[in-house]
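Worksheet: the structure to be examined is printed underneath.
In the text below, chain A, chain B and the rest are named by the order of the sequence lines, each starting its count at 1. Just so we're clear, the structure is a prediction, and the values are computed from it rather than from any experiment.
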Amino acid sequence: MPELAEVEYFRRQWNAGIGKKVVGVSWHKTARVNRGLNTVKISRLLKGATFYSSHAAAKQMAFRFSNGIWIGLHLGMTGRLECGDEQRAPTPYDHFVIKMSGGKNLFFVDPRQFGRVLFYQGDGVPDWWAKIAPPILSKAFNAEVVAAFLERRSRAPIKAVLLMQERFPGIGNWMADEVLWRAGFHPSAKAGNFGPVAIKKLTATLKKVCTDAMRVIGKDWSDPPRTWLFNHRWSDGGKCPHSKQHLKRTEIGGRTTCWSPAKQKLGAERR
DNA sequence: ATTCTTGTTGCATC
DNA sequence: AGATGCAACAAGAA
C-alpha cells in the first residue's frame with residue numbers, strides 16, 4: 001500500500017547497500033516497470049558505481065550513485081523494496097535487482113507492475129525528481145495554496161481532489177479517507193464549497209495524518225492504533241471508531257471510499 | 001468463475 | 001483551454 005509513509009519505509013530497505021559498490025544488475029527484460037529504459041546501457045553505467053544515498057518524496061524514491069547516477073523508483077500499487085543475500089528465494093516479480101559488494105542484493109518487486117524504474121545521469125537533478133510538489137509537511141504547503149487549488153477544482157468531489165499529486169504529494173486512497181474522516185468532511189463535498197474555516201481544518205488535518213503515518217508506518221511499519229479509520233475501512237461492515245455507527249463504502253472519484261455518515265455530513269465544508 | 005484492488009496516464013467529453 | 005471522468009495497465013486475493 002505504498003503511499004507517503006509506506007514509500008518512506010521501503011526507501012530505507014535499500015540502505016544496507018549505502019557505501020557499497022554495484023557488482024551487477026539484473027533485469028526482468030519484458031517487465032512493464034522497466035519500459036522505456038535502455039537496460040543494457042544502465043547496467044554498464046551502474047557497474048562499479050558507489051551507492052551514496054536514498055531519498056523519498058511523495059510516492060517517488062531516488063537512489064543516488066557516484067558518477068551523477070540517479071535511479072528513480074515508483075512503487076505503483078503493489079511494489080516493494082527488499083534487501084537480501086544469496087539465501088533469499090527469488091520471486092517471479094523481481095523485476096530489477098542491484099547486486100552490491102558485501103553480498104547484499106537490492107530488489108524491486110512488483111507483481112502488478114503499475115510501478116516504474118527511472119534513470120538519470122548528470123550534474124543536475126532529474127525532472128522526475130525536481131517537479132514533485134512541495135511536501136505537505138513543509139511551510140510551502142499551507143491554507144493559501146490549498147484554497148487556490150480547491151477553487152480551481154471546484155466541481156470535483158474533495159476525495160478526488162486530495163488524490164491529485166500535483167498538490168497533495170504522497171496522499172493515496174487510505175490517507176485521503178483518513179483525512180476526510182478526521183476532519184469531518186463528506187468525501188463527495190465539492191471542492192469549491194469549502195470555506196476558509198474548513199480549508200484551515202483540512203490543511204491542518206492533512207499535516208497531522210502525514211505526521212502520524214510517518215511516525216507509525218514510516219518508522220517500522222507498525223499497525224496504526226484502532227482509533228484510526230485505517231483499521232476499519234478495508235471491507236464492508238466496519239464501525240466508525242468514534243461514533244460506533246456503520247461506515248459506508250462506495251466509489252467516489254473513481255476510488256473505493258470509506259466514510260462515517262454520522263461524522264461526515266455534507267454542508268460541514270461551507271464554513 | 002467473478003469481482004475487487006492501496007496508482008497513474010492518456011484520451012474522450014464536458 | 002481547462003477541468004473532469006473513465007478505461008487501461010497486470011495479477012493476486014477473496
Side-chain angles (χ1 to χ4, degrees), chain A residues 1-11 28-37 56-61 72-81 91-96 108-118 127-129 131-133 136 148-181 187-194 206 209-210 212-214 216-218 221-224 228-238 247-259:
Chain A
M1 45 179 93
E3 301 178 22
L4 184 79
E6 290 95 348
V7 171
E8 164 63 15
Y9 174 82
F10 279 128
R11 168 187 75 83
H28 185 181
K29 289 288 189 296
T30 58
R32 199 178 113 91
V33 294
N34 298 323
R35 61 197 179 276
L37 296 181
K59 299 175 190 172
Q60 183 70 50
M61 292 177 289
L73 293 179
H74 194 292
L75 297 170
M77 202 101 96
T78 54
R80 65 180 188 270
L81 298 191
T91 85
Y93 311 110
D94 299 342
H95 301 308
F96 175 51
F108 173 39
V109 189
D110 184 5
R112 211 171 149 188
Q113 298 197 68
F114 289 177
R116 186 160 204 173
V117 182
L118 300 167
D127 283 350
W128 47 260
W129 189 254
K131 75 177 185 195
I132 298 170
I136 290 172
F149 193 75
L150 263 52
E151 189 167 359
R152 194 145 68 80
R153 304 294 183 160
S154 60
R155 289 172 304 162
I158 188 66
K159 168 63 187 280
V161 173
L162 290 181
L163 293 175
M164 294 177 181
Q165 300 300 297
E166 60 194 283
R167 178 46 72 200
F168 304 104
I171 297 295
N173 205 30
W174 80 253
M175 290 185 86
D177 282 1
E178 189 78 31
V179 167
L180 292 172
W181 174 75
S188 294
K190 295 282 180 257
N193 288 347
F194 277 68
L206 277 156
V209 169
C210 286
D212 289 351
M214 285 300 218
V216 174
I217 297 169
W221 207 282
S222 301
D223 288 336
W228 293 20
L229 177 66
F230 182 93
N231 299 289
H232 311 272
R233 66 175 300 282
W234 306 102
S235 56
D236 290 342
L247 293 168
K248 270 194 134 174
R249 293 175 85 239
T250 58
E251 187 171 299
I252 297 175
R255 315 298 303 193
T256 299
T257 300
C258 180
W259 81 100

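- Between Trp221(A) and Tyr9(A), the ring planes lie perpendicular to each other; the angle is over 60°, past the 30° to 60° tilted range.
- For dG7(B), the OP1/OP2 oxygens have no side-chain nitrogen or oxygen of His74(A) closer than 4.0 Å.
- Not counting sequence neighbours, the partners of Arg80(A) by the salt bridge (charged side-chain N to carboxylate O under 4.0 Å, His left out) test are Glu82(A).
- Here dC9(C) is the nucleotide among dT8(B), dC9(C), dG5(C) with the atom lying nearest to any side-chain atom of Arg32(A).
- Relative to the side chain of Met77(A), the nucleotides dT5(B), dA11(C), dG5(C) differ in distance, and dT5(B) lies closest.
- Among the heavy atoms of the strands, none lies under 4.0 Å from Gly254(A).
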Restricting to nitrogen or oxygen on both sides, can you table the protein-nucleotides 10-14 of chain B pairs closer than 3.5 Å?
none

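- The base of dG7(B) sits within donor-acceptor range of the side chain of Arg255(A), with an N or O pair under 3.5 Å.
- Rounded to whole Å, the distance from CG on Asp236(A) to P on dT5(B) is 9 Å.
- In this structure, CE of Met164(A) is placed 14 Å from P of dG7(B), rounded to the nearest angstrom.
- The side chain of Arg249(A) sits closest to dT5(B) out of dG7(B), dT4(C), dT5(B).
- Rounded to a whole Å, the CZ atom of Arg35(A) is 9 Å from the P atom of dT9(B).
- Under the side-chain hydrogen bond (donor to acceptor under 3.5 Å, both in side chains) criterion, Arg255(A) pairs with no residue, sequence neighbours left out.
- Put simply, the side chain of Glu6(A) never gets that close to the backbone of Ile217(A): no donor and acceptor are under 3.5 Å apart.
- The gap from the C1' atom of dA1(B) to that of dC9(C) amounts to 22 Å, rounded to the nearest Å.
- One atom, CD1 of Ile252(A), and another, P of dG5(C), lie 12 Å apart when rounded to the nearest Å.
- Between dT9(B) and dA1(C), the two P atoms lie 22 Å apart (nearest whole Å).
- Rounded to whole angstrom, the span from the CE atom of Met175(A) across to the P atom of dG7(B) amounts to 11 Å.
- In this model, the phosphate group of dA11(C) is approached by a side-chain N or O of Gln113(A) to a distance below 4.0 Å at OP1 or OP2.
- Between the side chain of Lys59(A) and the main chain of Ile171(A), a donor-acceptor pair closer than 3.5 Å is present.
- Atoms CH2 (Trp174(A)) and P (dC4(B)) sit 24 Å apart, rounded to a whole Å.
- Taking the side chain as every heavy atom from C-beta outward, Asp212(A) and Trp228(A) approach each other to under 4.5 Å.
- Across the protein-nucleic acid pair, Asp110(A) atom CG and dT8(B) atom C1' stand 13 Å apart, rounded to whole Å.
- Applying the side chain to side chain contact (heavy atoms under 4.5 Å, CB included) criterion to Glu166(A), with sequence neighbours excluded, gives Phe149(A), Arg152(A), Arg153(A), Met164(A).
- The ring-ring contact (aromatic ring centres under 6.0 Å, His included) search around Phe108(A) returns none, not counting sequence neighbours.
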| Could you write out DNA chain C as a dot-bracket string, with dots for unpaired bases, | for bases paired across to another strand, and Watson-Crick or G-U pairs counted at under 3.5 Å? | .||||||||.||||
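- Distance alone, capped at 3.5 Å, is enough to place a donor-acceptor pair between the Gln113(A) side chain and the Arg32(A) backbone.
- Using a 5.5 Å limit on the distance between ring centres and a 30° limit on the angle between planes, the aromatic ring of Phe114(A) does not count as stacked on the six-membered base ring of dT8(B).
- Put simply, CH2 on Trp234(A) is 14 Å from P on dA14(C), counting in whole angstrom units.
- The side chain of Thr256(A) lies closest to dC4(B) when the candidates are dC4(B), dG5(C), dC9(C).
- Judged purely by atom type and a 3.5 angstrom limit, Gln60(A) has no side-chain atom pairing as donor or acceptor with the backbone of Ala57(A).
- The nucleotide whose nearest atom lies closest to any side-chain atom of Arg152(A) is, among dT5(B), dC9(C), dA3(C), dA3(C).
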